[in-house]
Amino acid sequence: MATAVSGCARVCPGVPGCARVCPGPTAGCRGTGAPFDRLHCLVRGHRSTVFLAIALFAIVTVRRLFSSPATVRALYAGVAIIFSLALGGCGDAWNDPYPKAEQGANILYSSFVDRPKTLDPARAYASDEWAIIQQIYQAPLQYHYLKRPYELLPGAAASMPTVRLYDRGGHLLAADAPAEQVATSEYEIQIRPGIRFQPHPAFAVDEAGGPRYLSLSQTQVARYRELADFPEKGTRELTAADFIYQIKRLAHPRLNSPIYGHLSQYIVGLKELGDRLASDYAHLQTQYQAEHGKADPGYPWIDLRNYPLSGVSQVDRYTYRVRLHGQYPQFQYWLAMPFLSAMPVEADQFHAQRGMNEGRNLTLDWYPVGSGPFMLTRNDPNARMVLTRNPNFQGERYPSEGSAEDRAAGRLNDAGRPLPFLDQVVFSREKESIPLWNKFLQGYYDRAGIAADTFDQAVSVSIDGQASLTPEMQDKGIGLETSVAASTFYLAFNQLDPVVGGAADSARRLRQAISIAIDWEEYIAIFANGRGVAAMGPLPPGIFGFEEGPEGMNPVVYDQVNGQARRKSLETARSLLAQAGFANGRDAASGQPLVLYLDTVNRGPESKAILDWYRRQFARLDIQLEIRLTDWNRFQEKVRAGRTQMFFLGWNADYPDPENFMFLLYGPQSRAKSGGENAANYNNPEFDAMFRQMQNMPNGAARSEVIRRMVRLLQVDAPWAWGYHPKDYSLTQGWLHNLKPGAMVQNTLKYLRIDADLRVQQRARWNRPVLWPLGLAALALVALVLGARTIWRRREQRRAR
Amino acid sequence: MSAWLLRRFAYALVILFAVNLLTFALFFVVNTPDDMARMQLGNKRVSAEAIERWKQEKGYDKPQWFNASASGPGRWTDTLFFEKSVRLFLFDFGNDIDGRSIREEILARMGPSLALAVPVFLVGLAFNITFALGMAFFRGTALDLSGRIACIGLMSVSSLFYIISGQYLVSKVFALVPISGFSGGFDALRFLVLPVAIGVLGGIGAGARFYRTLFLEEIGRDYVRTARAKGLSEWTVMFRHVLRNALIPILTGVVAVIPTLFMGSLLAESFFGIPGLGSYTIDAIQSQDFLVVRSMVFLGSALYIVGLLLTDISYTLVDPRVRLE
């Protein structure tokens, strides 16, 4: 293993015994071979000397040309700056954006585009927010890192929850009792003893053993600007009470948790707690206003421990129970999300102190406090966020089970080793894709996605749709990971619309005809660089109930040809259109052309091609497509009011269960009628009945059968033109190990390992500074000065005319 | 002078009030408080009750202009406009939609913005003047012609092109400086060399041509002819006489720009990863954060007014014939 030598280290690939870091200027650089390389190495080794030589040459030249002391002084200053820059950049690569001290360190470098809005686990719901907090907060459960379909495992919990079902009389029911008999269900969760929170001032204690920083005056708080300013830190063991506290936080009116409305339908007493908290919180705010004559600049702290929550109880130090209305098997997935992770009351109390928020941003939103493998040690969301290994984290090991593909990819090489592998993870903000891509190619990011404009540079797609890396990427040892996302993108037909909506045969046939005419395979090839799979129904691959091959094919849109799905012909679509009463795109009754309306927020020149493509798809059936461009706010308003005809939407799964997709078409979820997630306002009592049956069933053959019938019904009804399921492509450097894509698994950083020595070598190899442009620029400057001098002299010596 | 300053201050207050009024009206024509709530709460599982609670918590449940249910002055003060705008005049920006201090954010971002904008401004000014002086000095020669052609060429190219090609050549192909990023202290030089160079290069075309015109105008004046008739060298004439007198219009032009340097540069900061103020307003518009939008518009207007004020004052300093009355 290489050991870093302080000072100006130099990389010497392939030199035995050189330990990759050479103390001498050029020692060991013979390994590079070619004469030019040796010259390059020599120049690099004496970079400062080269700079100095160029500078001295420039000084001598200009001094000979001009004798003005001011000019010479300015020249000296310029040389000093160039020289200091040369020394300042002393390292292997001049364009290394990271501090010299980090070279060779066990740090993963990643990037982010948008700054997270919140890091509070009760509020965060976006993927970029979860990418941070899932590494910090521990939920009771987590997903198996390698297994697909996704499998839940204990996280902070010692074992999987025990589920008990009760009838209306409070009697225990069998685990397979019919859903209609179940009045409440109870989850008992036991936490692993010995888990400790990250070091944090909220846990610091004074000499008497009391909390040191939990009752600070506003004057005392004013002394601290950052968390690092608090000299004392402490920790304590995580208990069941911390999970209960976080569940109560979901009902806090100040936090406005996005899932409070949903979970309050299930967790017994959560709604009542929310109402009581709202009332008490409003009272405290009014009280502050009355006492101080102004609105509270901070917020009053409410100790949630004093507020009972009837559906949640603590059994012992490490065990708690959550009681739900009815049966809700999907609750186990929520137990794997940050919403239900552990939150220490001390952290809440610490950050709620007067003065913490005002002008300092010392909030729980900004400074998460968890027990996970990493802790946030630098939070500058405009530039850099740094996760550092939590020294108190222990007890988790790399999984030993995985598929043959995982084994072949080396993802089981670290089986059984303690987690995490990384010391730090640095997220740098990159708003633009071009610098991000170039820095990845230079080795300054360990992984990257692929933007549309760089796709061809990274990936080549064969005729049969197989993606592979370009030779340039392969030469660099870059790897490609692909996976179909647990999401779907679709064209919705508003079922309340008199033309395309409703259960009438004519409308159904019209929807089917359109579904055939829109060639999603072509769309994926043209606009998504082949990164997608045409959808056969609402369920994406990897979700229970999804069927591969001929069994899963949509018989309304596709024919089976040689075992492959082939989109039906336009003649079939035209025939359906005629049956719908719109032969040749004209209303049979009125003779008027059929005009359909698509509401979209796609604006700008880049969207024009897509919108033209949509028009062409409809024109193939002689249907005129009118596109109504609108902004996101008005678009949502129209969808909520049911005042649209067709529109595009997408859905990313919350959890890998078919219920999370099927509920998008469940009647009572109608967006126009109840504000739910069924934006197409699809309403089919037969489907709804099957949905209610399916949602409470355990995964198995019986559930598969119900899902199959639901999908068949949807394929015939065609409330959506089933669009496509996007494919995630990500690139990884050769020194990054164990990365496995999977949208559901977010706490991935603890599994990743890097070979820091290889990274140092590759970065140096890929980023050799090219010095001749500097010399050329200097020569050009000298030539310019000489030319100017000649012209000036001629003019000065010219005789008067 | 003091009466003039007071009058200008009063004008400034009226202008700032009007700007504030306009910002408020335009923002809420496009975004309703319900839209803002949805944007903040996300697009999944948002209930009407959650939206109401958000509006109440953030104070967006009040009438925008006039509160008919209140009494007395409360009809005007217990409104969204009054509550969200009046404290601006005390430069109390409050917190953004996520509850973070806008003042802190501006202060934190101002440094990086200035670290880029000030060198671009100073180096660019020096470079433009030198280049323009050189062209005026060699007027009518091949050097002057080449300089003018180069200026027109530089003016014709988009600044985005300079940024992308500069990053590609200098950082990627030549590997001389980091492509993007930022650091504090002396280390920031590594990150600023390229954006400053590109900023200066992008401004040469327009700046140097304008200054050349000023210098040529001065060169034709009587005092220059007198200086030459005295036997002074062309070098002394240009640097001691022409430059000094041409600085008057240059100075008054650039003073107005100085305060706006605080606002940063959107493109350069985005591409070079400089955590400045350049994109703060755009980000706020995208996230429908009214409090940040109105703060930044207010600050921008105030700085612009200060810039114009400084311009007027600088006239009196560099040209004794001008008096503020």
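A note on names: the letters A, B, ... follow the listed sequences, proteins ahead of strands, and every chain is numbered from 1. These numbers come from the heavy atoms of this one structure, side chains and all, not from hydrogens, waters or symmetry mates. All of these numbers come straight from a predicted model, not from anything done at the bench.
Contact annotation for A/Trp772: only side-chain heavy atoms (C-beta onward) come within less than 4.5 Å of a heavy atom of chain B. Using a 4.5 Å cut-off between heavy atoms, B/Glu83 makes no contact with chain A at all. In this structure, the portion of B/Val173 lying under 4.5 Å from any heavy atom of chain A is its backbone and not its side chain. For B/Ser270, the parts lying near chain A are the backbone and the side chain together; criterion is any non-hydrogen pair under 4.5 Å. At a 4.5 Å heavy-atom cutoff, the contact between B/Ile164 and chain A is made by side-chain atoms alone. Neither the backbone nor the side chain of B/Phe272 has a heavy atom closer than 4.5 Å to any heavy atom of chain A. Contacts between B/Phe182 and chain A at a heavy-atom distance below 4.5 Å are absent for every atom of the residue. Contact annotation for A/Ala788: both backbone and side-chain heavy atoms come within less than 4.5 Å of a heavy atom of chain B. Both the backbone and the side chain of A/Asn652 come within contact range of chain B, each with at least one heavy atom under 4.5 Å from a heavy atom of that chain.
Between the OG atom of B/Ser279 and the CZ atom of A/Arg115 there is a distance of 9.0 Å, given to the nearest 0.5 Å. In this structure, CG on B/Asp98 lies 8.5 Å from CH2 on A/Trp366, to the nearest 0.5 angstrom.
Side-chain atoms of A/Asn633 never come within 3.5 Å of backbone atoms of B/Asn31 as a donor-acceptor pair (strictly under, hydrogens ignored). Looking only at distances, no side-chain donor or acceptor of A/Arg384 sits under 3.5 Å from a matching main-chain atom of B/Gly181. Looking at A/Lys439, its side chain does come within 3.5 Å of a backbone N or O of B/Ser180 through a donor-acceptor pair. A donor-acceptor contact shorter than 3.5 Å is absent between the side chain of A/Gln636 and the backbone of B/Asp35.
Most heavy-atom pairs under 4.5 Å with chain B: of the set A/Ala383, A/Gly675, A/Pro435, this distinction falls to A/Pro435. In terms of heavy-atom pairs under 4.5 Å with chain B, the best-connected choice from A/Gln669, A/Gln285, A/Arg254, A/Arg123 is A/Arg254.
The two residues B/Val46 and A/Glu677 make their nearest non-hydrogen contact at N-OE2, 4.3 Å. Taking all atoms of both residues into account, the shortest heavy-atom contact from B/Val177 to A/Asn95 is O-CB, 3.0 Å. Nearest heavy-atom pair, A/Gly274 versus B/Arg53, reported as atom, atom and distance to 0.1 Å: O-NH1, 4.4 Å. What you find for B/Trp54 and A/Asn256 is that their closest heavy atoms are CA-ND2, 3.3 Å. The minimum heavy-atom distance linking A/Asn438 with B/Lys172 is given by the pair OD1-CD, 3.3 Å. The shortest heavy-atom contact between A/Tyr98 and B/Arg190 is O-NH2, 3.8 Å.
Ionic pairing of A/Glu637 and B/Arg38 is not present here: no N-O contact between side-chain nitrogen and carboxylate oxygen is shorter than 4.0 angstrom.
Remark: B/Phe127 CZ is loosely packed, at most 12 non-hydrogen atoms of other residues, nucleotides or ligands lying under 6.0 Å away.
With no hydrogens or angles considered, a side-chain donor-acceptor pair links A/Asn382 and B/Glu105 at under 3.5 Å.
Taking the side chain as every heavy atom from C-beta outward, B/Leu143 and A/Leu784 approach each other to under 4.5 Å.
Contacts of A/Tyr109 classified as side-chain hydrogen bond (donor to acceptor under 3.5 Å, both in side chains), with partners at least two apart in sequence or in another chain: A/Glu102.
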Q.
B/Leu176 vs A/Leu774, test: side chain to side chain contact (heavy atoms under 4.5 Å, CB included). Steps then yes/no.
A. CA-CA 10 Å; B/Leu176 294 173; A/Leu774 292 178; 4.3 Å; yes
